[in-house]
Amino acid sequence: MDVLQVQGLCKSYDKFALRDVTFSVPEGCIAGFIGANGAGKTTTLRSVLGLARPSAGRIRLFGMDAEKNEKEIKDRIGVVFDDGQFYTELTLKEMKNVLSPAYSSWSEQDFSRWMDRFELSQRQKISSLSRGMRMKFALALALSHKAEFLLMDEPTSGLDPQIRNEFLDVLAGYMEHGGRGVLFSTHITSDLDKVADTLIMIDRGRIVFQEDKDVLMESYRSVRGDTAALNEEIRPLFMKITEGSFGFTGITKEAERVRRLMPGALIEKVSVEDIMLANLGKEAPQPVCGHGQEEKEETIYD
Ligand code: ATP
């Protein structure tokens, strides 16, 4: 079963539009949501949460329509966003006391355990937290009400490598309990090398692919070789080529043909970042979907 299904999502701003955004997060899966700055990741995640109002499309969580079952769905998901979701003048305990009554399965025991693990003091003021500490606090809250789905926007950005690793361990532990799912957006693609099962890429408001990470990593190869060997037959085999004084580096999905045509080339595995860079700007223009109207910024819904 899919924990999250997004189908045909459209949303227009003055200078940007999400177009026919469709993807899903299956149960038992950590999905990494990748894309360049301004590609539409946050807008998509805000739409899933009902914070941005799409002009078209359908969002289902746990098999239920997101709009019609908002209360039950919000009870079952944990959200980690980096958009000042806390009142900075409160202590962590006071903030927790504001938020926890909204959850039917809130566990004080779990919360205390996570606060200890993250070395956070409940007496501390939100305003005194570093960015990393704020993300840990958000994660502690998200993990203390038996959430079955975690939705996170750039949870690791700005965290030091040690905290990032700890965060990835927490995610892996969270998934040991069956029937759960995670969707998180990130620029730090090495995080996805470590934990993601599936990758969803968005570029300029359109989904480029959703694919099992291992399948993706096997489909692409990085090639290094002599620029002089890049003839008209070989060039089109590459999605991206970077040429320098010491030769070229290219990303291809046709490694076998390249191997035959360029026996001297060095062919290696790729990283998630290589795959993302190779796919930037590849989508063909499509018509605007939905009503096509453009919306101006609003305060609550945008
Ligand atoms: P980043 O990785 O930089 O956070 P992103 O992929 O999350 O980027 P979004 O935040 O979804 O991208 O923004 C996509 C585009 O939509 C941007 O061009 C942004 O300026 C525009 N946008 C987002 N929110 C609004 C808004 N409320 N009003 C007008 N334009 C908006």
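One-based numbering along the sequence shown. We count ligands from 1, going down the list as the structure has it; atoms in each ligand are counted the same way. Heavy-atom basis, side chains included; hydrogens, waters and symmetry copies ignored.
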Look at [X] together with [Y] and state whether they make a salt bridge at an N to O cut-off of under 4.0 Å.
X    : Y    : answer
D20  : R206 : no
D110 : R113 : yes
R46  : D153 : no

- With a distance cut-off below 6.0 Å to the six-membered ring centre and an angular limit of 45° from the axis, does R180 pair with Y174 as a cation-pi contact?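 Yes - R180 lies over the ring of Y174, closer than 6.0 Å to its centre and within 45° of its axis.
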- Task: Output every pair passing ring pair (Phe, Tyr, Trp, His ring centres under 6.0 Å) with a member in residues 33-73, not counting sequence neighbours, ordered by first then second residue.
- Result: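 For residues 33-73, and leaving out neighbouring residues, the ring pair (Phe, Tyr, Trp, His ring centres under 6.0 Å) pairs sorted by first residue read F23-F33.
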- Item | T42 N/O under 3.5 Å from ligand 1 N/O |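 N/O-N/O distance under 3.5 Å: yes.
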Would you mind listing which atoms of ligand 1 come within a distance below 4.0 Å of any non-hydrogen atom of [X]?
X    : value
K41  : 1 (P), 2 (O), 5 (P), 6 (O), 7 (O), 8 (O), 11 (O), 12 (O)
H187 : 2 (O)
N37  : 1 (P), 2 (O), 3 (O), 8 (O)

- Query: Which ILVMFWY residues can you reach from V223 by hopping between side chains whose heavy atoms are under 4.5 Å apart?
  - Reply: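 Other cluster members: L230, I234, L237, F238, I241, F248, V258, L261, M262, I267.
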- Assess G40 for proximity to ligand 1: is some non-hydrogen atom of it under 4.0 Å away?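 A heavy atom of G40 does come that close to ligand 1.
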- Message: Taking a cutoff of less than 4.0 Å between a non-hydrogen atom of the residue and any ligand atom, is A36 in contact with ligand 1?
- Response: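 Flag set, A36 near ligand 1.
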- Query: Which residue from G38, A52, A39 reaches closest to atom 1 (P) of ligand 1 through any of its heavy atoms?
  - Reply: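 Nearest option to atom 1 (P) of ligand 1, by heavy atoms: G38.
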